[in-house]
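In listed order, ligands and their atoms are each counted from 1.
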Amino acid sequence: MSPDVSGGAATRPAEIGPTTALCGIVLHPAGHTRSPAMHNAAFAALGIDAVYLAFDVPSAGLGVAIAGARALGVRQLAVSIPHKEAVMAHLDEVDETARRIGAVNTVTRRDGRLVGSNTDWIGVARALETQRSLAGARTVVLGAGGAARAAVHAMLVRGARVVVLNRTLDKARKLADELGAHGAGELGALRSHPCDVIVNATSVGLHEDRSPVDASAIPAGAVVLDAVYSPERTRLLRDAEARGARTIGGKWWLVHQAAEQLRLWTGRDAPLDVMSAAFDRAGARQPT
Ligand code: ATR
């Protein structure tokens, strides 16, 4: 029997039962993921009969894990580091956007088929659009890994002009060429690219109190989004604020990409405030 994903009830059924749908996230290591907290809170708020778990799957076990998910009728899987590229080989279909970005972060079961898609790009677009329109905006994406690819795609889809800056120049050039960005350079070149939006898609700031760019290169009127969500106030965001820029924490990128996952599966709008609060509570429970 299918689970009730259409809503109606104000809260999740009290009991996990025979019709409860299973969803989850595959990643390795799994210790710090806040996705179960966000999704379970959304299920409860929308009255969706489903549970969402974290599956710690090392690379060697990915194929077996996906086959298991298929056999067990798992409804939706989020896919995170290090599986976003490798998972494609195990699916029935990968949509065009995920192919273009080169990464799948969402697998949804549709008529028994496992379909791969990418919601990272829409997460970054929606997080930024809470502050300003991207159409015609001059944007800079810092980094040239998977997160940067999603961010560059988002900027281009929304009609922004985008320059990719990365520590390793060759990688910035390659990404810019492949996706059709408007320019590429090293991180130090921020000063020579006047911009309205900066997205940090490097991992700088995650393990140490450092910013990928000089504070003095951040324009006062810019909107700055940091993919790093822990710590919440990264050095980059503190610098940006001190310069008079508007800032958006990495939490919002994650919340919006998770909201889109829920919409892909259930067709329903996600309760962003509920997911955001669950994200915060999960963070407070974790050692830093
Ligand atoms: P993801 O797929 O999550 O984006 P990734 O592919 O490992 O992760 O990419 C990490 C990004 O952070 C890269 O752009 C990397 O720069 P390089 O391409 O030069 O390696 C950037 N990065 C990581 N550590 C950095 C550091 N200490 N200074 C500057 N950039 C750094």
Check each atom of ligand 1 against the heavy atoms of [X] and keep those under 4.0 Å away; list them by number with element.
| X | answer |
| --- | --- |
| Gly145 | 2 (O), 4 (O), 6 (O), 9 (O), 14 (O) |
| Ser203 | 12 (O), 23 (C), 24 (N) |
| Gly143 | 14 (O) |
| Leu187 | 29 (C) |

Pair [X] + [Y], salt bridge at N-O below 4.0 Å:
| X | Y | result |
| --- | --- | --- |
| Arg110 | Glu93 | no |
| Arg70 | Asp92 | yes |
| Lys174 | Asp170 | no |

Tell me whether [X] has any N or O atom under 3.5 angstrom from an N or O of ligand 1.
| X | value |
| --- | --- |
| Ala147 | yes |
| Ala148 | no |
| Arg167 | yes |

_Would you say CD of Glu178 has more than 12 non-hydrogen atoms from neighbouring residues, nucleotides or ligands within 6.0 angstrom?_
yes
*asked:* Is it true that, when you exclude Glu241 itself, more than 12 heavy atoms of the residues, nucleotides or ligands shown sit nearer than 6.0 Å to its CD?
replied: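 Count over threshold, so yes.
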*Give a yes/no on ligand 1: does Pro212 have at least one heavy atom closer than 4.0 angstrom to it?*
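The answer is no, since Pro212 has no heavy atom less than 4.0 Å from ligand 1.
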*Do the rings of His153 and Trp121 sit parallel, tilted or perpendicular, given the 30° and 60° boundaries?*
perpendicular
_How far is atom 1 (P) of ligand 1 from the closest protein heavy atom, and which atom is that?_
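It is Gly146 N, 3.6 Å.
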*For atom 28 (N) of ligand 1, find the nearest protein heavy atom and state the residue, atom name and distance (0.1 Å precision).*
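Atom 28 (N) of ligand 1 sits closest to the protein heavy atom Val204 CG2, 3.4 Å.
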Determine whether the side chain, the backbone, both or neither of [X] has a heavy atom under 4.0 Å from any heavy atom of ligand 1.
| X | value |
| --- | --- |
| Arg210 | side chain |
| Thr202 | both |
| Thr168 | both |

*Could any protein non-hydrogen atom be found less than 4.0 Å from atom 9 (O) of ligand 1?*
yes
